[in-house]
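Have a look at the structure below, then the notes.
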Amino acid sequence: MLEMRGITKRFPGVLANDHVSFDVRAGEVHTLLGENGAGKSTLMKILFGLYRADEGEILFNGKPLQISSPSAAIAAGIGMIHQHFMLVPILTVTENVALGLSSSGLRPDLADVEDRVRALADEYGLQVDPRAEVWQLAVGERQRVEILKALYREARLLVLDEPTAVLTPQEVDDFFVTLRKLAEDGRGLIFISHKLHEVLALSDRITVLRDGRVTGHTTPAETSRQQLAEMMVGRPVKLAPDKPEVEFGEARLTIHDLSVRGDRDHTAVDGVSFEVRAGEILGIAGVSGNGQRELAEAVAGLRPPDQGSIRLDGVEVAGASPREIRAAGLAYVPEERMRDGAIGAFTVSENLMLLDHDSPAYSRRGWLDLGSLNERAEQLVERFAVKTPSVHTATRSLSGGNIQKVILAREITSGPAVLLAAQPTRGVDIGAAEYIHHQLVEQRGAGTAIVVISEDLDEVLALADRVAVMFEGRIVGVADRADCTPEGLGLLMAGG
Amino acid sequence: MNHRLSGLLIPAAAVVAALLIGALMILALGANPVDGYRELFIGAFGSGDALADTAVRAMPLLLVGVGICVAFRAKVINIGGEGQIIAGALVSTVTVLVVPGLPSLILIPLVLVAGMIGGGFWGAIPGALKAYLSVNEILSTIMLNIVAVQIMNYLLRDPLIDPEEIERGTRIPQTERLSENADLPILLDGTRLHLGVVVAVMAAVVAWAFLWRTTIGFKVRAVGQNPAAAGYAGMPVKRMTLLALTYSGAMCGLAGAVLVFGSQSHRLITDGSSAGFTGSAGFNGIVAALFGGLHPLWTIPSSFLFGGLLVGANAMQRAIQIPSALAVGLNGLVVVFVVSSNRIRDRMRQRSELAAAARALARREAEDEQHTDDIGGKVVA
Ligand SMILES: Nc1ncnc2c1ncn2[C@@H]1O[C@H](COP(=O)(O)OP(=O)(O)O)[C@@H](O)[C@H]1O
Ligand SMILES: [Mg+2]
């Protein structure tokens, strides 16, 4: 039903789309897959009339499509669910759906709209109260409103730009059921994502973009995570790092009966106990918001625990300051890397010396030894393959993956007893994620006890020697990696 | 555009714009702005004497400005320069009154240190309030300005007053002529250029070294840029906040000591208002620092220019007979323009920084790609 041919779009200094061609058939989910910056959103904005292509043509139902504005796109039967929602918070769901529907010159009858919204919601499993005001709704519900809006306007082609980025894994499952149903009813769906397992689960066909160019068309049946990743990155990648056999040593991190309160004064971590041995990676799986952040912050000394003990190499550190805990041997890669892990305005070199600038190796009587600090920074940038013009570049101008590499480099060089990494590759490109995983495994070989907290089950399964699942502040299951299946873990994560 | 260049051009353009608007105001008053600005320039920079006057006038601005730079790097806004200048002046004055007989070689350094201690203490109060009780430093520093003025007025009216003033019954609130051993030496005979100017320039260099070359300065900057990350890294966030305001206060206190012992009367005098003694240096120094991009070294030329504007505005006012309010207004205009232009400059800097990084990366990636192609070729072969 849709064909885009040779679409090219240039921004100053960037070729965002380079002769991109692909097509969508009625009744299918066609996925656009690509790393951040590959040009997916740009292509869709061209389709929706938000940008004008420099070259190329668009055919819709066999006829050339001349779209100059989003309202023209909507009139033609194209609906778009943006990465950032476009709803009016103080209006109700029904009012938001009705907004801008005055084509006939008459205000639509809100009662009629509401009936139709209810009918659509029932039909496609898009549960939401039509009378609720949008500001009261959770993100997942707002997304449903956006879809209802498009359906109400009789969209035949639906574009969903990274819709799962805001959903929890449970919501994603339901959401996919809805999308399948929408396609079965003869609509064409364009689904945008960079999450491989989602793409394989949902798509009929897949088009991969890299640096603005199409690098392949394929289907889930004839491809694999591995192949897709390589098409996205443009070189061989290892999704699961090689993990040599190691002999686990003594317990280096021992947590016993730890309870921590969260920001809303509720018990976020509730009597958690576990230990991690030298050379072992413990993966903590779980849907975000089940106490993982509070657990990590308590271990790092940023949140005083209510009760319990945290021992690092036998030293009790529960309630100690971050400085003391670091001195006892903890390295920490925080979840919010730009807020807690790095200083955006500082140079790469300055961020790399955040921890040890006043150690005797890099300072004398309070004076920084910039020569050796910069030299060390150069080495770390080299060793950790940080893509940066120089060590004097402001860190905030690097990509997320490279900032994460800087943080990891800084934390690992101290040769920590325990490394705690929270969501180490969230929002990070595949190439960088691969590299970060490799470094974690390397560090495991050096005898560090490693805790990886992650929402990404694939990541946990790829890295961990042992897996613990966290749900509502408790550890609801621990097992050796060999005894874990994605299905079993998924069930535990959902509280089953 | 190179951001070093734009860093200079934008505030310069702001000053020119302010002067143009000032020219309109002078025209409206029926005077000739060209004559006026010529007099301003000659008055500020036109002769050796004028340059010396400008340098002397710039000195307290520079010291205060240096303190502002340090505080700003820790994300602390110090509006308390006036009070800290007074505190420094008082402590150094009392020191000289207690040990007037010490030789200059000892007394002068002692006086300068006493000024730093006084101002540093006056800065440490809001510093501690902010660090440990989260009291907004803008409010507390402003209030401490008022407290300092009242203490000074009280001390000069009674305990510290020149005994002669009591005898004569004139009771002008000022100290006696302070010990000559504490006079700051004149550097060039026949001018007013004194040691304080050298002290101020040195202070700027020291502050630069402190911020960019010492471990503590590094922590101060880290805390200012991102307290959360600095805390994670184990830095003492609160102590750095306290330290930055203390340092800032110490620089202002130093300015206070230099103002007293470099003055022509060699006394501490008050007219009841704080500006009478400080010449509003506690506020003008903030502008000098902003004009210098909140960098201690750039604050040196910027203070000099701003000092020239203050000296020259007086000359202009005398020469073309405009009300003194206009000279003050002209300074105000410059302040407003410079402060607003700083925002523009920051935004341009960020943008050019991002663009430069993108360009450099693209170049590097192109090189890398060639490199990996080579390797790939070998593997296949
Ligand atoms: N409005 C714009 N102006 C300039 N460059 C842009 C603009 N929008 C996107 N780009 C650039 O185009 C490229 C593709 O971006 P985008 O389509 O958003 O990627 P994706 O959605 O695949 O992550 C990126 O390099 C991005 O920086
Ligand atoms: Mg996008």
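Each chain gets a letter, A, B and so on, in the order the sequences are listed, and its residues count up from 1. The structure presented is a predicted model; accordingly, all values stated were derived computationally and were not measured. Note: hydrogens, waters and symmetry copies are ignored here, and every other heavy atom, side chains too, is used.
- B:Asn226 places a side-chain N or O within donor-acceptor distance of the main-chain N or O of A:Ala342, the cut-off being under 3.5 Å.
- Of all non-hydrogen atoms in B:Ala228 and A:Arg339, the two that sit nearest each other are CB-O, 3.6 Å.
- Interface residues of residues 349-375 of chain A toward chain B, defined by a heavy-atom distance below 4.5 Å and sorted by number: A:Glu350, A:Met353, A:Leu354, A:Leu355, A:His357, A:Asp358, A:Ser363, A:Gly366, A:Trp367, A:Leu368, A:Leu370.
- Taking 4.5 Å as the limit, every side-chain heavy atom of A:Arg323 sits out of range of all side-chain heavy atoms of B:Tyr232.
- Around atom CD1 of B:Ile138, more than 12 heavy atoms belonging to other residues, nucleotides or ligands sit under 6.0 Å away.
- More than 12 heavy atoms of other shown residues, nucleotides or ligands fall within 6.0 angstrom of atom CG in A:Leu239.
- For residues 417-432 of chain A, heavy-atom neighbours of chain B at less than 4.5 Å comprise no residues at all.
- Other residues, nucleotides and ligands place no more than 12 heavy atoms under 6.0 Å from the CZ atom of B:Phe72.
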